2 protein chains.
Amino acid sequence: MDSSGMLKSYIEKKGLKKTSERAVMLEIIKKIPGHFDAEGLLSQVNRNNTKVSRASVYRTIKLFAEAGIIKESLLRGGRKVYEYGPEKTHHDHMICVKCGKLFEFSDPMIEKHQEEICRKHRFQMTGHKLEIQGICNSCK
Amino acid sequence: MDSSGMLKSYIEKKGLKKTSERAVMLEIIKKIPGHFDAEGLLSQVNRNNTKVSRASVYRTIKLFAEAGIIKESLLRGGRKVYEYGPEKTHHDHMICVKCGKLFEFSDPMIEKHQEEICRKHRFQMTGHKLEIQGICNSCK
DNA sequence: TTGATATTGAGACACAGTATCAATATCAAG
DNA sequence: CTTGATATTGATACTGTGTCTCAATATCAA
């Protein structure tokens, strides 16, 4: 299912209502290639003719995350960072502490070990975040 | 070296000064068994006869972290969480999303895979954080 | 004892995010 | 189409976590 469908079914399931604000935000988020945060999205939404209030941007981001349309991917200096992509597979992040650039990676072996550990501790995993800090190749 | 020694040598190295506030905070932190945050420490410090201002608590926490006396271990709802223990080895966390309990674990295989990935990407790792969210055994 | 300077406390400030609430938009039922 | 119930919005006040400022004070070497 595409993200518009996901939003529609989430809205129906919860007895919510379709609004132009949500439609506008979804269209803009779809076009963002990488990561984004609430403030950045807010200014992008209000850059053009469209206009959505700060409160609604935050509310809608939360709604989209609950609907599975976007994912909260990490915290950057106390700021939540999201990314579009219901079809995207899970991945982890490397953050360069010098230039702040973000690199994605995924390692099935690490995932496997995590599952192993959870089994051992009888812990039912619902999600995880792995973040490696360091210095990237071009900053060395 | 114990934490008092670490503080002393860090202070000397940086040309800083010994103060009663720092001593008081170190004594209290030493007695905290698990994790703590700035606000919790602040109220603990000011509960008794001792008194340290909010600003100084935050400043001193930062100083202790730089001196290696405490470690920033994770972020919990936008709040930084620390733990005492210069001798403690690195470990990762499992957080129960129901009861909020925190479990520690460490897995050398995961660490190894992380190093492998960093080598592959020519990324010089300086630190990492792995956090598994889920439901703990007693909350199932 | 003195002088340089690191430190402190109090409070203002910064920032991300949430709560409040009256006005408005949506939508199902008639 | 109109109506009524209610979900949503925008404006703005507020919260929580942490930082900055700056005058007063404590520390320490000379």
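Each chain gets a letter, A, B and so on, in the order the sequences are listed, and its residues count up from 1. These figures come from a predicted structure and were not determined experimentally.
Whole-Å rounding puts the I61(B) CD1 to dG18(D) C1' distance at 10 Å. Rounded to a whole Å, the CG atom of L42(A) is 12 Å from the C1' atom of dA16(C). Regarding K62(A), its NZ atom lies at a distance of 12 Å from the C1' atom of dA16(C), rounded to whole Å. To the nearest angstrom, P of dA16(C) lies 14 Å from NZ of K80(B).
Salt bridge annotation for E12(A)-K18(A): absent, with no cationic side-chain nitrogen under 4.0 angstrom from a carboxylate oxygen. The existence of a salt bridge linking R54(A) and E39(A) is confirmed by a sub-4.0 Å separation between a basic side-chain nitrogen and an acidic carboxylate oxygen.
Residues E131(A) and H93(A) bring no donor and acceptor atom of their side chains to less than 3.5 Å of each other. Donor-acceptor pairing under 3.5 Å is lacking for the side chains of Q133(A) and H128(B). In the model, E111(A) has no side-chain atom that pairs as donor or acceptor with a side-chain atom of H113(B) under 3.5 Å. Using modelled atom types, one finds no donor on one side chain facing an acceptor on the other under 3.5 Å when comparing S73(A) with Y82(A).
Within the structure, every side-chain polar atom (N or O) of Y58(B) is placed at least 4.0 Å from both OP1 and OP2 of dT19(D).
Although no hydrogens or angles enter the test, the distance criterion places a donor-acceptor pair under 3.5 Å between the side chain of T60(B) and the main chain of S56(B).
Across residues 28-36 of chain A, not one residue has a non-hydrogen atom less than 4.0 Å from an atom of DNA chain C. A heavy atom lying under 4.0 Å from DNA chain D marks none of the residues of residues 2-9 of chain B.
Residue K14(B) is classed as having no contact, given no heavy-atom separation below 4.0 Å to the nucleic acid.
The salt bridge (charged side-chain N to carboxylate O under 4.0 Å, His left out) search around R122(A) returns none, not counting sequence neighbours. Not counting sequence neighbours, K112(B) has no partner by the side chain to side chain contact (heavy atoms under 4.5 Å, CB included) test.
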Worksheet item: Tell me, what's DNA chain D's dot-bracket, Watson-Crick or G-U with both distances under 3.5 Å, | for other-strand, [ ] crossing?
Response: ||||||||||||||||||||||||||||||
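Cluster annotation: M1(B) and L26(B) are assigned to the same hydrophobic cluster (Ile/Leu/Val/Met/Phe/Trp/Tyr, side-chain heavy-atom contacts under 4.5 Å, transitive).
Each of M6(B), K8(B), K14(B) was checked for a side-chain contact (heavy atoms from CB on, under 4.5 Å) with Y10(B), and the lone residue meeting it is K14(B).
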Worksheet item: For every nucleotide of nucleotides 7-12 of chain D, 5' to 3': is a protein heavy atom under 4.0 Å from its base (B), only from its sugar-phosphate (S), or from neither (-)?
Response: SSBBB-
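Taken to the nearest 0.5 Å, the NE2 atom of H121(A) stands 9.0 Å off from the CZ atom of F103(B).
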Worksheet item: Taking it one step at a time, do F36(A) and I29(A) satisfy side chain to side chain contact (heavy atoms under 4.5 Å, CB included)?
Response: CA-CA 9 Å; F36(A) 65 89; I29(A) 286 173; 4.0 Å; yes
